[in-house]
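Read through the structure below, which is laid out as structure tokens, and then see the notes.
Note: hydrogens, waters and symmetry copies are ignored here, and every other heavy atom, side chains too, is used. Every chain is numbered from 1 and lettered A, B, ... according to where its sequence line falls, protein lines coming before strand lines.
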Amino acid sequence: MADNLLEVKDLKTYFRTEEGVVKAVDGISFSIGRGKTLGIVGESGCGKSVASLSILRLIPNPPGKIVSGSIVFEGSDLLKKSEKQMRGIRGNEISMIFQEPMTSLNPIMKIGTQISEAILLHQKIGAADARGKAIEMLTRVGIPMPERRMDSYPHQLSGGMRQRVMIAMALSCNSKLLIADEPTTALDVTIQAQIIDLMKKMRSEFGTSIILITHDLGVVAGLADDVVVMYAGKIVEKADVRNIFKDPRHPYTIGLLQSVPRIDQEVERLQAIEGVVPNQREMPSGCAFCPRCVRATKRCKTEAPPLEYFDMERRAVACWNAETEKIAATGNAKNLSMDGEKSK
Amino acid sequence: MGKYLARRILTTIPVLVGISFIVFALVSFAPGDSISLMLSNETVNVENVEKLKTELGLDRPWYIQYVMYMEKLLKGDMGRSVQFSRPVAEMIGEKIGNTFKLTIFSCLVSLCIAIPLGVLAAARRRSVFDYSATAIALVGVSMPSFYLGLLLILFFGLKLGWLPIRGLPTYDSTLFKQIRFLILPSITLGSSMAGILTRLTRATMIEALGQDFARTARAKGQSEIGVLFKHAFPNAFLPILTTFGMQFGSLLGGAVIIETIFSLPGLGMLAMNAVKFRDLPLIQGTVLIFAVCFVAVMLIVDILYVIIDPRIRYD
């Protein structure tokens, strides 16, 4: 555990709305090692983006508020730091890239100025040196003719180029942790692959740890070392990437995997998870996934399952029926997409 | 940009011709005429009236008069004032400086109030400051300028005696003295624009602060002041600029009333007198100058668009 760059413990981020309190992130804990990549997976609205924004303390307050927990980065709790200290960390030690690179870049500012701004905010160098460093970063992320591109505006670049610029900006101060919030969602499939390759390259060149937030399991498979699966503001399963794909235990994780098309299998119809994520204000008293779960029992309806660790604390699952899942999953070891009819 | 500019300037010509035509037609069809007013104190001699009408070309059909007027205008001759028997261009030249000072100073007053107030209201949303800014803006927008002018005269001019309430000092007086005379009329004239721009600045700033690029700036480590002024404000400025351009027209219209209230010898007062006296060349001249000013401001706004927002390209 000492090697961990970031440790999040029992983080709770709530939003106060007119209809009541929305528990967007409700007591999640995870950690990430140096140079490692952690994938946070889940459907839209499960709280993964709020979790990432909480790390940088960028939750708009009001209405949002980090209610409790700790976010220990390099040994010190980010929740105890002043706003000024946090500004010194943002973009410097921890950087973030977002889903939509077109709107995430300032449309009326040259990209060179935007990259240099990040450098000038954290490094004691002059404008000319910052420009030089920005050109170097653009070269490293594979932007052709970087000197010329410095004077381009975001709308003059393609989607993939813009995301490269975002990555260049995020890594311009040699950040130790990069939070990538759906970095490939708004891009074409071919460009997605290029961006994933670039992130891998940057990770090995800079030794940056990455928190990868996505709903795309393909991206997770290609990049992550460990995976956290979130559902309705809580973590339902944690494991290394191999186990998540080979031996998923939570019915939600299994459902997510079943809904992904596989190139090596001919499936006429993909399995979808029935129903939708419950409204935060109408959360069931037991397990939040219960109304959609094909294996739900009486106990699931009344008692919320805790996240239980096993396999020498390398894995965790929050399901009363995890053992049953294990048997079911083992029975289908060669075929990850379980037969929906049989499981019913 | 050069091409666009040339095209844009050319399109203003039909606008100005159209305005001159409409004003000419309206004044020509209005009852009463300047000759009768000119001769009202003298023994009316029909022969004299007809002679004067022939001299001024008023005996011809109005459209012929219009063509004659336009012919002269193209040569730089705006005609002679019927009332004062002086060249219109010369009279406008004497007064335009005062109106120019009044409108520029009013714009400055309203921008200096609206932008800081709107930005801070957006930055401290739903705070006492925000509600106060909204209340101030509401007063600015709702209060008729002539009423506000009278209140200001009564309070700051007559009761406290801090500021002069009428006229303007001569051109050679000190800048401080000139500004002192302009304070009350400028606040009166600029208050409505300030109210509208405060509300607009607040709304566009709130929108800009919620955009993804503002979040990126914060994630970079930029301070809230930096996010406000370096990122959000330049993006929020475009709609403010558009409204500013449109409001400038109302400001020119308002100048006519404010100059009368504060007895400022400007174009507005000149136009008012011209209308009272049916002094057609003078009405034509002043309205045309107002129209040119408005068209010029809109042209400047269009050019500023291109400079501020690189996504806009007209060529």
Side-chain angles (χ1 to χ4, degrees), chain A residues 49 52-53 55-60 62-63 83-111 113-123 151-156 162 165-166 169-170 172-173 175 178-181 186, chain B residues 1 115 119 121-131 201-202 204-242 301-315:
Chain A
S49 291
S52 65
L53 287 170
I55 296 172
L56 277 175
R57 283 187 27 205
L58 285 176
I59 296 291
E83 180 53 32
K84 197 181 168 193
Q85 286 172 319
M86 275 312 293
R87 283 206 297 273
I89 289 170
R90 290 180 199 133
N92 188 21
E93 312 234 5
I94 305 174
S95 295
M96 192 159 180
I97 58 172
F98 301 96
Q99 178 175 339
E100 183 39 84
M102 179 66 222
T103 54
S104 298
L105 288 164
N106 189 334
I108 60 172
M109 202 186 251
K110 289 175 182 171
I111 61 156
T113 315
Q114 299 195 47
I115 301 172
S116 303
E117 183 190 17
I119 300 166
L120 288 167
L121 278 168
H122 300 293
Q123 294 178 14
D151 295 322
S152 298
Y153 289 95
H155 70 279
Q156 293 167 326
R162 286 195 282 260
V165 170
M166 282 297 288
M169 196 159 76
S172 58
C173 294
S175 296
L178 173 70
I179 302 171
D181 188 358
Chain B
M1 182 73 186
I115 288 176
V119 169
R124 300 270 171 270
R125 211 176 153 192
R126 294 196 188 119
S127 66
V128 178
F129 192 88
D130 185 16
Y131 295 129
T201 307
R202 179 188 178 272
T204 52
M205 279 300 287
I206 286 172
E207 197 189 326
L209 285 168
Q211 296 286 320
D212 289 351
F213 62 79
R215 184 184 57 186
T216 307
R218 289 188 191 103
K220 258 192 256 187
Q222 185 60 270
S223 65
E224 206 48 36
I225 298 279
V227 175
L228 272 178
F229 291 102
K230 218 173 162 189
H231 292 273
F233 185 68
N235 277 280
F237 191 62
L238 219 56
I240 298 171
L241 186 69
T242 314
V301 166
D302 278 0
I303 295 166
L304 284 176
Y305 272 8
V306 184
I307 296 168
I308 294 168
D309 194 337
R311 287 169 296 182
I312 301 171
R313 285 282 174 269
Y314 294 112
D315 285 340

With only heavy atoms counted, which part of [X] is less than 4.5 Å from chain B, the side chain, the backbone, both or neither?
X	value
I179(A)	neither
M86(A)	neither
M166(A)	side chain

Would you mind reporting whether [Y] and [X] have side-chain heavy atoms less than 4.5 Å apart?
X	Y	answer
H231(B)	E117(A)	yes
F213(B)	S104(A)	no
D212(B)	Q99(A)	no
E83(A)	S223(B)	no
F98(A)	T216(B)	yes

_Leading residue by heavy atom contact count with chain B [cutoff under 4.5 Å; candidates G88(A), P60(A), P107(A)]_ =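 Of G88(A), P60(A), P107(A), P107(A) has the most heavy-atom pairs under 4.5 Å with chain B.
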
*Counting heavy-atom pairs under 4.5 Å to chain B, which of H155(A), Q156(A), M96(A), M109(A) comes out on top?*
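The residue among H155(A), Q156(A), M96(A), M109(A) with the greatest pair count is H155(A).
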
*Which of the residues G226(B), A217(B), A219(B) is involved in the greatest number of heavy-atom pairs with chain A at under 4.5 angstrom?*
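Greatest number of close heavy-atom pairs with chain A: A219(B).
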
*asked:* Quick check on the interface: out of Q211(B), E224(B), R215(B), R126(B), who has the most heavy-atom pairs with chain A under 4.5 Å?
replied: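 Going by pairs under 4.5 Å, I would pick R215(B).
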
_Does E93(A), at its CD atom, have more than 12 non-hydrogen atoms belonging to other residues, nucleotides or ligands within less than 6.0 Å?_
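Yes.
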
*Could you tell me which non-hydrogen atom of L121(A) sits nearest to which non-hydrogen atom of G221(B), and how far apart they are?*
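Heavy atoms of L121(A) and G221(B) come nearest at CD1-C, 3.9 Å.
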
_Return the CD1 to CD1 distance between I308(B) and I108(A), rounded to the nearest 0.5 Å._
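Output value for this atom pair is 7.5 Å.
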
*Expected output: side-chain K220(B) to main-chain Q114(A) donor-acceptor under 3.5 Å*: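 Looks like yes, one N/O pair under 3.5 Å.
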
